[in-house]
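Note sheet for the following structure.
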Amino acid sequence: MAFLQLQGIGKIYVSEGNVAVGIRGVDLSFERGEFVAITGRSGSGKSTLLNVISGMDTYEEGELLIEGQPTSHYRQADWEIYREKYVSFVFQDYNIIDSYTVLENVELALLNIPDPRERRRRAIELIERVGLKAHLHHKGSKLSGGQKQRTVIARALAKDSPIILADEPTGNLDAETSREIIALLREVSRDKLLIVVTHNFEQVEEYATRHVRIFDGAVEADQIVAEPEPVAEEELPSPVPETKRKAVRSDRFGNGVLLGATIFKATPKLSAFLCFLLLVGTIAVSLVTSLTGSAWDLFDPHLMFRHIPGRAVVVTRTGDPVTGAEMNALAAEFGANKAVRYDYLYDQSYNFWDWDYDLDFDYVISENGTRTPKIGRAPETVTEAHLYLPISAAPLFGKKEIKDTTFTVQLASWDYTFSVDLTVTGVTYFYNNTKKAEVLLSDEGFRFLSACALLSSQSLSVRYELVDGTGEVLFTPTWSRDLIVTVDPDLPSGTMILPSPIVNTAHQIRAGAADPATVTERFTAIGTKYGSGSSVNWAYPLDGYRAVAGDGDRDGKLIVSPDLFTTVTEGVEDGLYKQVSLFFASDAAAKSAIEGINGKGYLAVLSSTTYSPDPSEIIVSTVLFVLSAAFWLFALLFFAFFVSLCCGRSIDAFRGDMSIMRSMGIPVRVIRIGMYVRMLLSLIPAYLLSGVAVFFIFRTPALNRLFRFPDPWQFVLITVGIVALALLSTRRQIRRLFKTSVKTALRGGDAA
Ligand code: ADP
Ligand code: MG
């Protein structure tokens, strides 16, 4: 049984309107240890013959037997196994990968050695053997023709395949180098079958054991010119059983990863460009996401109230206000932690902007609760505040020195603006721009500000009277019966300052009274509640409050202490404000309490209750969303276009290398994995750099202000999208790559 046997092999090339005979009726048998020289005129079919033997080209007629096994039924995968196991190829134009070093080129042929260190050791050994030790780390492109051919031979040795095929290996070399290469080929193939195609028989005459002449696709002559060296039987590898073949192959995932890393490293410019592209893409997509961020609000629930865990909102079914007494009774009965009579502020959102710092953010107002500020202390007095702000607001207060800074809250209604200067006692910055800023007050402060907010849409005045011991009114300012109220946060609790003309007159009357000791001041709060076309006046006695000395003439108003102001408002329970909030330990606790409260004739709901928005609102936000999504998709596609453009170029550059790899029998799967790995590796810098960018955006207020951050889930979406995009474009590349056969690609891509 011959080692390699060709029986009537024929190969016909059919192209458009043209049939060319490659080879026909070739009967040849080869044994290991032979050095076969094939000669013939150009176009006679030498290369075709070699390609058929190498399994890179198919044959249409006859049968090729390897170790007695027929191959005519082989499919691509079988030929891959065949090539990997049996054949090493040496071409005229040196099929080494130019971007790889000598070492990498040789290691590529050693993928079946799993241990990388062992692989390296063996590669270096082989490189030494072909005399290239000094060029270990030189790239293929930097080598001379002879050195390239030596590298190829080292690679052939690495594979240790029983057949070495060389198609005019010295065609591009000078005479001296040619001799060396032929000698080297002979030396390394003593126990192998070496077939060399040459048009210069003299060059190989010294070593050849057989001379086959091809003419017009057929064997013209076949002569034994020397006795081949016998190959010791034990040197022959035992034929590998068909089922075990897979096991000896280099078809492993790890090899794909290794290959990917090598490709990435070997083409630094391309890799850098790919990294850059992916980085730009990642940034662009993130930017678009952050610009179109508000469009996603479409999916936010439409809350009736601000949702605070454990908060329940209570109103009566009759439309009457829930009075303070009722509220306290409900709170006691259902175990609420806290009851808020005027919960108006919870559901308001205010806007802050500062020209100097180019700041513009929305905030809500709450009481401090249990939160402790990162900087400073919690608010204690009525007009102190702890600010919970986006980091972009940091320049406003600085990082440490917050003492004596103020924050002005403007509670505006359609006819009244109420400004309250709050002293900042603490600041906590947060790094997520999708969260809302908060002004956190003391409980007292919250009540005060609620009063301010409520009264900003009411009219509030206070009546002043001087009465004697019998209750008779001695004095009421006639020229201004009621005094418009304003607040001075520094006034002691329970006090007010009257305008000085009133104080002076009152003083005179008091002095002239029959019994001055019994003369007292009496204050009454007067309010007007407007509603549905009519207005209702209310009055509330402010017993126990007193006037103190001071310049009460500021704006001609009655100046009151904050607590008094709050009391005035809260005392007025009839018709001013209807709803109250009760706070429970959690939403779940609130839920069960709500059932009980509803059972008592009230209407109570969780603060997380949603409503369905107006149809027109839905239409507007849907249109906004569709536009944003289109913009987003456009950015992604634009990016995809660039990535595939770049990859397309890299494909053309890679096609030759890939053909070389395939001709060496590196499995398609390994190359595929390699390409995916290369793409993923290119993504790493993009993600590292965007990570750094995110960090700086978080940390730098100016940047933080500029970019609204995507929600975490949007960020995940971007990441997944870009990875998917990169993998998809790799898949496309691979498709394109493997469309052309190995042989065609090796010939430079001409499919003719
Ligand atoms: P050699 O290597 O001896 O110069 P080849 O084996 O390259 O000859 O070519 C043998 C014949 O087959 C030539 O007539 C050539 O034109 C033809 N041939 C080779 N490759 C192709 C191909 N891919 N398509 C069509 N004809 C081809
Ligand atoms: Mg040829």
Side-chain angles (χ1 to χ4, degrees), residues 1-32 34-92 161-168 193-199 201 208 210-224 659 662-663 665 740-752:
M1 181 188 76
F3 177 66
L4 175 72
Q5 197 171 7
L6 280 66
Q7 297 174 339
I9 291 285
K11 168 82 202 171
I12 294 162
Y13 290 107
V14 184
S15 52
E16 236 179 299
N18 185 22
V19 178
V21 176
I23 45 173
R24 56 200 158 97
V26 174
D27 288 306
L28 286 169
S29 305
F30 302 102
E31 291 298 344
R32 295 164 59 118
E34 279 190 293
F35 184 138
V36 184
I38 297 183
T39 57
R41 278 217 304 266
S42 174
S44 55
K46 309 180 295 292
S47 295
T48 307
L49 178 62
L50 232 53
N51 284 337
V52 167
I53 293 174
S54 71
M56 282 196 286
D57 214 344
T58 53
Y59 55 92
E60 279 86 39
E61 291 164 12
E63 183 66 79
L64 184 145
L65 297 139
I66 181 73
E67 296 182 287
Q69 305 279 336
T71 61
S72 51
H73 63 280
Y74 272 17
R75 294 167 157 273
Q76 179 183 289
D78 301 309
W79 283 118
E80 258 175 26
I81 297 168
Y82 170 87
R83 279 203 298 272
E84 185 181 24
K85 187 176 167 214
Y86 290 106
V87 183
S88 294
F89 217 117
V90 182
F91 291 86
Q92 176 178 356
S161 55
I163 305 173
I164 297 179
L165 304 173
D167 194 350
E168 307 199 25
L193 166 60
L194 174 64
I195 305 179
V196 179
V197 165
T198 177
H199 46 243
F201 182 68
R210 187 167 163 188
H211 185 187
V212 175
R213 257 180 299 178
I214 306 282
F215 180 77
D216 207 7
V219 177
E220 187 192 32
D222 181 4
Q223 297 172 264
I224 303 289
S659 311
R662 282 186 75 188
S663 75
T740 27
S741 77
V742 193
K743 177 187 60 76
T744 321
L746 267 179
R747 292 194 173 178
D750 59 306

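The structure presented is a predicted model; accordingly, all values stated were derived computationally and were not measured. The basis for the numbers below is simple: all heavy atoms, side chains too, and nothing from hydrogens, waters or symmetry mates. This chain uses plain numbering: 1 for the first residue, then up along the sequence.
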Between [X] and [Y] (side chain of the first, backbone of the second, donor and acceptor by atom type, cut-off under 3.5 Å), is there such a pair?
{"X": "Gln5", "Y": "Leu28", "value": "no"}
{"X": "Arg32", "Y": "Phe3", "value": "no"}
{"X": "Ser88", "Y": "Ser161", "value": "no"}
{"X": "Glu60", "Y": "Ile12", "value": "yes"}
{"X": "Asp27", "Y": "Gly8", "value": "yes"}
{"X": "Lys46", "Y": "Gly40", "value": "yes"}

**Prompt:** In terms of ring plane angle, is the pair Tyr74 and Tyr82 parallel, tilted or perpendicular, where the classes change at 30° and 60°?
**Reply:**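 Answer is perpendicular, since the angle exceeds 60°.
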To the nearest 0.5 Å, tell me how far [X] [atom1] sits from [Y] [atom2].
{"X": "Ile23", "Y": "Leu6", "atom1": "CD1", "atom2": "CG", "answer": "7.0 Å"}
{"X": "Leu49", "Y": "Ile9", "atom1": "CG", "atom2": "CD1", "answer": "9.0 Å"}
{"X": "Phe30", "Y": "Ile66", "atom1": "CZ", "atom2": "CD1", "answer": "11.0 Å"}
{"X": "Asp57", "Y": "Trp79", "atom1": "CG", "atom2": "CH2", "answer": "10.0 Å"}
{"X": "Ile163", "Y": "Tyr86", "atom1": "CD1", "atom2": "OH", "answer": "8.0 Å"}
{"X": "Ile224", "Y": "Glu34", "atom1": "CD1", "atom2": "CD", "answer": "5.5 Å"}

**Message:** What verdict does the side-chain contact (heavy atoms from CB on, under 4.5 Å) test give for Tyr13 and Asn18, after you've listed the backbone C-alpha separation in whole Å, the side-chain angles of each residue and the deciding distance to 0.1 Å?
**Reply:** CA-CA 8 Å; Tyr13 290 107; Asn18 185 22; over 6 Å; no
Can you see which heavy atom on [X] is nearest to which on [Y], and at what distance?
{"X": "Ser72", "Y": "Gly62", "result": "CB-O, 4.5 Å"}
{"X": "Ile53", "Y": "Leu64", "result": "CA-CD1, 4.0 Å"}
{"X": "Arg213", "Y": "Thr39", "result": "CG-OG1, 2.9 Å"}
{"X": "Ser44", "Y": "Phe215", "result": "CB-CA, 4.4 Å"}

**Message:** Show, in sequence, the C-alpha distance, side-chain angles and deciding distance for Asp222 and Arg210, and conclude whether the salt bridge (Lys or Arg N to Asp or Glu O under 4.0 Å) test is met.
**Reply:** CA-CA 7 Å; Asp222 181 4; Arg210 187 167 163 188; 3.0 Å; yes
**Item:** Stepwise side-chain contact (heavy atoms from CB on, under 4.5 Å) check, Lys11 with Thr58
**Value:** CA-CA 8 Å; Lys11 168 82 202 171; Thr58 53; 3.5 Å; yes
**With Met56, the side chain to side chain contact (heavy atoms under 4.5 Å, CB included) member among Leu165, Asn51, Leu50** =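 Testing each of Leu165, Asn51, Leu50 against Met56, the sole residue satisfying side chain to side chain contact (heavy atoms under 4.5 Å, CB included) is Asn51.
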**Request:** Evaluate the criterion side-chain contact (heavy atoms from CB on, under 4.5 Å) for residue pair Val90 and Asp167; output intermediate values, then yes/no.
**Result:** CA-CA 6 Å; Val90 182; Asp167 194 350; over 6 Å; no
**Prompt:** Does the side chain of Thr71 come within less than 4.5 Å of Glu63's, by heavy atoms?
**Reply:** yes
